[in-house]
Every structure is written in C-alpha cells, then in structure tokens.
Amino acid sequence: MELDNLGDWRKTHFTKDVTKELVNKEVILGGWIRNYRDLGGLKFISLQDKYGERQITLKKGVVTDDLFDKVKLGYQYCIMVKGIVKAFNEAPGGIEIIPSEIKILNVTPEKLPIDMTGETVSELDLRLNNRALDLRSLKNQAVFIIRGEMLRTIRKFLFAKNFTEMTTPKIIGSATEGGTELFPIIYFEREAFLTQSAQLYKEQLSGVYERVFEISDCFRAEKHRTKRHLCEIFTLDVEIAFSTMEDVLKLLEEIVYNVLKEIRENQMKALEYLGMEKISVTPEIPFPRYKYEEIIDLINTKFGFNIEFGEDISTEAYRKLGTELSSYYYITHWPMSIKPFYIMPSKDPKYSESFDLQKGMLELTSGGTRVHNKEQLINAIENQGLNSTSFKSHLKAFDFGMPPHAGFGLGIDRWLTMICGLEDIREAVMYPRTADRLTP
Ligand code: AMO
C-alpha cells in the first residue's frame with residue numbers, strides 16, 4: 001500500500017477536546033485505529049489517541065467514493081482524519097466525525113501479536129514483549145493517566161509544604177544500606193553500584209534544604225519472582241529535618257489522602273474504566289496505628305502463626321493480616337534488630353522509631369526517625385557487621401551540624417498497582433525490569 005505523507009497536516013485537537021461545542025467545525029485528528037467495522041455501505045472507525053477515542057463514520061454517498069474506497073484499514077494503522085464534527089447520540093461520547101480526507105501514515109501486519117480491540121486480554125508476558133503497542137490499550141491509558149495524576153499531586157502537595165525536589169546520584173561507589181541487593185557495574189576501571197535507594201543522600205540534604213523529596217528510580221537485585229517485586233523500582237523519598245517519626249506519619253497519611261482525593265476528583269473516568277471507583281476510595285485519616293508487637297500477637301492468636309519478637313512477618317502472615325486489616329494502617333516500633341543502621345532506636349533499644357505503611361497485605365512504605373549523632377551512627381554501622389570506613393564520605397556530613405531528621409520511602413509502583421486493581425506490579429510500569437526481563 002502506498003502511504004500518505006504528513007505534509008502540512010497538523011492535529012488541531014486531541015480526541016478529548018472534540019466536544020459538542022465543535023459541532024459543524026472542521027478538525028484534524030490523528031492516532032491509531034482501535035477498531036473498525038465495515039457494514040457494506042457504512043464504515044465505522046474507532047480512532048484512538050493518547051486521551052481516548054472518537055468515531056469516524058463513512059457513509060457511501062455522504063463521503064466521496066474515492067475516500068470510501070480508500071478506507072481499507074487494519075488494526076492500529078496510524079492515520080490522520082480531516083472532517084466535520086457532528087452530534088450523534090448513538091456514537092461514543094455523542095459525537096462522530098464525517099471525514100473529508102483520510103491519510104494513512106503507517107500500516108501494521110494483518111495479525112497483531114496481541115489483542116488491541118479490548119475484547120480479549122492477552123497474556124501479560126506477551127503484552128510486555130510488545131509493550132510499545134500494548135501501552136496504547138485503553139486499560140493502559142487509564143493506568144498511566146492515574147500514575148501521572150499521582151506524581152503531579154505528590155509534587156503539588158510537597159511544594160506547597162516548602163519541600164525542595166532533589167536529584168541524587170544513581171551510580172554510587174559503595175553500598176547504601178548494607179551490602180545486599182545491589183547491582184554491581186563497571187565504572188571505568190572500578191567497581192561501582194546502582195543505587196538501592198536515595199537514603200544517604202536524602203539524609204545529607206535534609207541538613208541543607210530541611211525538607212526534601214525525590215521521585216526517582218532505584219535498583220534492587222532481588223531474585224523474587226512475585227507479583228509485588230521489581231528490580232528497578234520507582235519511589236517517593238522524603239526526608240524532614242527537625243522532626244521525628246510522628247511528624248512523618250502525619251505527613252504521609254496526608255499525602256495518601258490527597259493523592260486519592262485528587263485522583264477521584266480529576267481522573268474518575270480512568271478509575272471507572274478500571275472498575276476501581278468503589279474500591280480506591282479516599283481513606284479516613286489518621287490511619288490506625290499498631291505496634292509491631294500488637295500485630296504479631298494478632299497474627300499469632302487469630303491465625304495460628306508462631307512469629308516471635310524479632311522475626312520478620314512472612315508473606316503468608318501478611319496475607320492473613322490483610323483479611324483482617326484491609327485498608328491503610330501503620331505498623332510502628334519494629335524490633336531494632338531487623339532495622340537498618342540509620343534507624344533511631346526507641347528509649348527501650350529493643351524497639352526502633354520505625355514504621356511501615358500497609359494497605360491490606362501489602363507494604364507500601366517504610367521509614368522512621370534517623371540517627372543524627374555521628375558516634376552513634378558509626379557504632380550502629382559497625383554493630384551491623386558493616387565497615388564504617390566505606391561510609392566515610394557519608395559520615396562527613398554528620399560533622400557539620402546534622403539536624404535531627406526523619407523520613408520515608410514509598411513504592412510508587414506498588415501503590416499504583418493497588419489503586420488500579422492490577423494483578424501484577426509489572427503492569428504498573430511502562431517498561432518493567434525483573435530478574436527475567438531486561439527488554440524491551
Ligand atoms: P524499603 O526498602 O522498604 O525502604 O523500600 C521502600 C518501598 O519501596 C517499595 N519496594 C519495592 N517495590 C517493588 N519491588 C521491590 N523489589 C521493592 N523494594 C521496595 C516498597 C517499600 O515499602 N530507605 C528506605 C526508606 C526510608 O527509610 O526512608 C527504603 O528503601 O513499597
């Protein structure tokens with residue numbers, strides 16, 4: 001097939017902007033063919049762009065014969081349409097476009113590797129193998145509209161609260177939070193690592209900008225093959241000087257509340273598309289707070305587990321817990337023995353000033369008050385069997401008046417998975433990275 005040139009055609013509107021106010025006006029739209037029907041004397045095209053779709057209607061006798069005959073289309077052909085907007089109640093959105101010209105800019109193979117009409121759902125790995133196509137689906141459109149809203153709201157909220165957005169290095173010279181779960185890389189003649197989190201930098205920068213945040217990727221060399229784990233994750237990191245865990249708990253629940261509120265206010269259509277409008281509701285704040293000891297007591301007595309103080313809570317135990325506590329809640333005061341060196345011990349050093357934010361069975365966030373005294377920090381590093389000399393450059397920041405500080409890290413991908421009701425975290429990332437997946 002001979003393809004048309006773009007020439008001097010430019011889109012005048014996105015599909016979402018073609019409303020009834022434009023009736024009888026000419027528009028130029030561009031996008032992909034999600035679906036088409038050929039009923040002999042009548043052809044319908046569902047033209048999709050990044051915001052949705054509009055119906056293009058070709059009726060023999062109404063459009064020119066040349067145009068009618070030209071329209072022999074395939075799924076996901078890239079086309080542009082020039083035409084007049086008409087009101088038509090039976091069409092989606094009550095609008096149709098009667099075309100005067102159509103440009104076919106690019107074509108597709110007769111059989112696409114995955115279903116793009118929305119009639120069936122192809123298997124996830126197959127979809128991920130063809131991600132640039134798969135991302136065009138209306139379901140993915142809804143997921144990533146919500147993700148965009150989430151990130152926009154977080155930024156808006158934090159800027160209004162006097163936070164500074166930081167950008168910290170992703171290539172680091174030594175382990176961030178202990179030696180595990182790091183990806184080594186070759187950095188000229190030396191070994192370096194991909195960062196596991198912004199932890200040390202956000203602490204240092206809390207001693208400069210007082211209230212800092214970063215939304216960025218970090219890397220976990222985890223071989224877990226679960227529906228909750230990725231090797232490249234996207235996190236919201238927050239650190240606040242002159243504060244403790246108490247302040248952070250309040251801030252975090254306000255963020256969660258506001259993000260959900262704004263998603264509901266601004267992107268209800270996307271939530272509805274995913275069938276999540278009744279499920280991803282704005283939660284009541286403050287969130288319930290349970291101490292770690294209360295939680296393991298509950299799990300042990302109610303579900304017959306035998307978790308001892310100092311043990312992590314297994315996935316199976318979390319699964320049961322999620323049936324009891326299905327909304328957002330905090331688990332605070334974890335045993336110091338299972339927390340990283342930078343976490344502040346409680347008055348009774350058996351416990352720590354740390355917390356997780358849970359939604360049902362899923363951990364969304366961890367955080368706490370940090371150690372800001374250099375001697376105490378060195379001891380904590382050594383007590384965890386790490387070598388404090390490899391933290392030399394980080395420890396320097398603690399010589400220059402480091403304020404008391406606290407913060408948290410929130411897994412954006414996990415949260416999005418939950419808000420959108422997705423089965424697998426890989427669906428919440430445009431190009432996921434797992435132990436098994438390095439392409440596309
Ligand atoms: P943590 O390691 O708990 O804490 O990570 C913070 C949050 O990131 C998400 N997360 C993951 N999501 C998907 N796949 C993974 N492999 C994965 N690992 C973590 C979770 C988790 O709650 N520096 C601390 C935070 C702090 O204290 O400020 C940290 O990184 O949602």
Side-chain angles (χ1 to χ4, degrees), residues 147 150 154 166 168 170 172 175-183 194-206 211-241 243-245 247-249 251-252 255-256 312-313 315 318 328-332 334 336 338-344 352-372 380 384 394 405-419 422 424-429 432-437:
R147 186 177 193 269
M150 182 192 255
I154 292 172
M166 51 177 185
T168 63
K170 303 301 156 214
I172 53 169
T176 321
E177 304 186 23
T180 56
E181 296 171 6
L182 285 175
F183 284 109
L194 295 178
T195 187
Q196 176 190 10
S197 90
Q199 184 64 37
L200 305 188
Y201 292 102
K202 70 178 173 178
E203 287 196 50
Q204 294 184 23
L205 291 173
S206 76
R211 310 181 128 229
V212 290
F213 80 96
E214 176 166 23
I215 302 175
S216 69
D217 45 4
C218 48
F219 305 88
R220 307 279 168 115
E222 290 181 28
K223 288 221 169 101
H224 297 294
R225 285 180 174 80
T226 79
K227 294 181 172 183
R228 303 176 309 283
H229 287 92
L230 294 165
C231 291
E232 181 169 2
I233 64 175
F234 210 63
T235 59
L236 165 66
D237 273 285
V238 165
E239 203 66 28
I240 315 172
S243 76
T244 65
M245 174 169 87
D247 308 285
V248 169
L249 292 172
L251 180 89
L252 177 57
I255 293 176
V256 171
D312 246 323
I313 300 172
T315 308
Y318 272 127
Y328 292 89
Y329 60 99
Y330 286 123
I331 306 178
T332 67
W334 289 73
M336 191 60 224
I338 51 172
K339 281 289 152 185
F341 62 83
Y342 51 79
I343 288 286
M344 181 75 94
S352 64
E353 296 300 294
S354 64
F355 71 92
D356 281 2
L357 172 64
Q358 294 279 136
K359 164 83 167 68
M361 70 162 288
L362 204 61
E363 175 205 315
L364 280 184
T365 306
S366 53
T369 309
R370 324 297 191 183
V371 174
H372 64 281
Q384 295 212 348
H394 174 58
H405 55 285
F408 67 83
L410 177 150
I412 295 284
D413 322 295
R414 277 200 189 165
W415 197 18
L416 186 67
T417 305
M418 186 181 295
I419 292 175
L422 305 173
D424 190 309
I425 194 167
R426 290 177 297 166
E427 295 184 78
V429 184
R433 290 287 174 263
T434 59
D436 301 317
R437 181 170 289 282

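Start at 1 and go down the list; that is how both ligands and their atoms are numbered. What's counted below: heavy atoms across the whole structure, side chains too, no hydrogens, waters or symmetry copies.
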Query raised in the report: Any chance the side chains of Glu353 and Thr244 put a donor and an acceptor closer than 3.5 Å?
Result: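 No, Thr244 and Glu353 have no side-chain donor paired with an acceptor closer than 3.5 Å.
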Taking distance alone, with no angle check, do [X] and ligand 1 share an N/O pair under 3.5 Å?
{"X": "Gln196", "result": "no"}
{"X": "Gly407", "result": "no"}
{"X": "Leu230", "result": "yes"}
{"X": "Asp237", "result": "no"}
{"X": "Gln199", "result": "yes"}
{"X": "Gly368", "result": "no"}
{"X": "Thr235", "result": "no"}
{"X": "Thr365", "result": "yes"}

Which atom of [X] lies closest to which atom of [Y], heavy atoms considered:
{"X": "His405", "Y": "Ala241", "answer": "CB-CA, 3.9 Å"}
{"X": "Ile425", "Y": "Arg414", "answer": "CD1-CG, 3.6 Å"}
{"X": "Leu249", "Y": "Tyr330", "answer": "O-OH, 2.6 Å"}
{"X": "Thr168", "Y": "Tyr201", "answer": "CG2-CB, 3.4 Å"}

Under a 3.5 Å distance rule, please check whether [X] uses its side chain to pair with a backbone N or O of [Y] as donor and acceptor.
{"X": "Lys170", "Y": "Gln196", "answer": "no"}
{"X": "Ser352", "Y": "Trp334", "answer": "yes"}
{"X": "Thr235", "Y": "Asp237", "answer": "no"}

My understanding is that we take every heavy atom of each candidate and find the minimum distance to [atom]. Doing that for [options], which one comes out nearest?
{"atom": "atom 22 (O) of ligand 1", "options": "His224, Arg414, Glu363", "result": "Glu363"}
{"atom": "atom 24 (C) of ligand 1", "options": "Tyr342, Phe355, Phe408", "result": "Tyr342"}
{"atom": "atom 2 (O) of ligand 1", "options": "Arg220, Glu181, Gln358, Glu239", "result": "Arg220"}

So which bit of [X] gets within less than 4.0 Å of ligand 1, heavy atoms only: side chain, backbone, both or neither?
{"X": "Arg370", "value": "side chain"}
{"X": "Trp415", "value": "neither"}
{"X": "Ser366", "value": "both"}

Is there a side-chain contact between [X] and [Y] in this structure, where contact means two heavy atoms from C-beta onward sitting under 4.5 Å apart?
{"X": "Val429", "Y": "Phe234", "answer": "no"}
{"X": "Asp413", "Y": "Leu230", "answer": "yes"}
{"X": "Glu203", "Y": "Tyr342", "answer": "yes"}
{"X": "Ile233", "Y": "Asp217", "answer": "no"}

Which atoms of ligand 1 are found less than 4.0 Å from any heavy atom of [X]?
{"X": "Gly367", "result": "27 (O)"}
{"X": "Arg228", "result": "13 (C), 14 (N)"}
{"X": "Lys202", "result": "26 (C), 28 (O)"}
{"X": "Glu222", "result": "16 (N)"}
{"X": "Gly411", "result": "7 (C), 8 (O), 9 (C), 31 (O)"}
{"X": "His229", "result": "14 (N), 15 (C), 16 (N)"}
{"X": "Gly409", "result": "6 (C), 7 (C), 25 (C), 26 (C), 28 (O)"}
{"X": "Ile425", "result": "13 (C)"}

Query raised in the report: Of His394, Glu239, Gln199, which is the lone residue that meets side-chain hydrogen bond (donor to acceptor under 3.5 Å, both in side chains) with Gln204?
Result: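 Option passing the side-chain hydrogen bond (donor to acceptor under 3.5 Å, both in side chains) with Gln204: His394.
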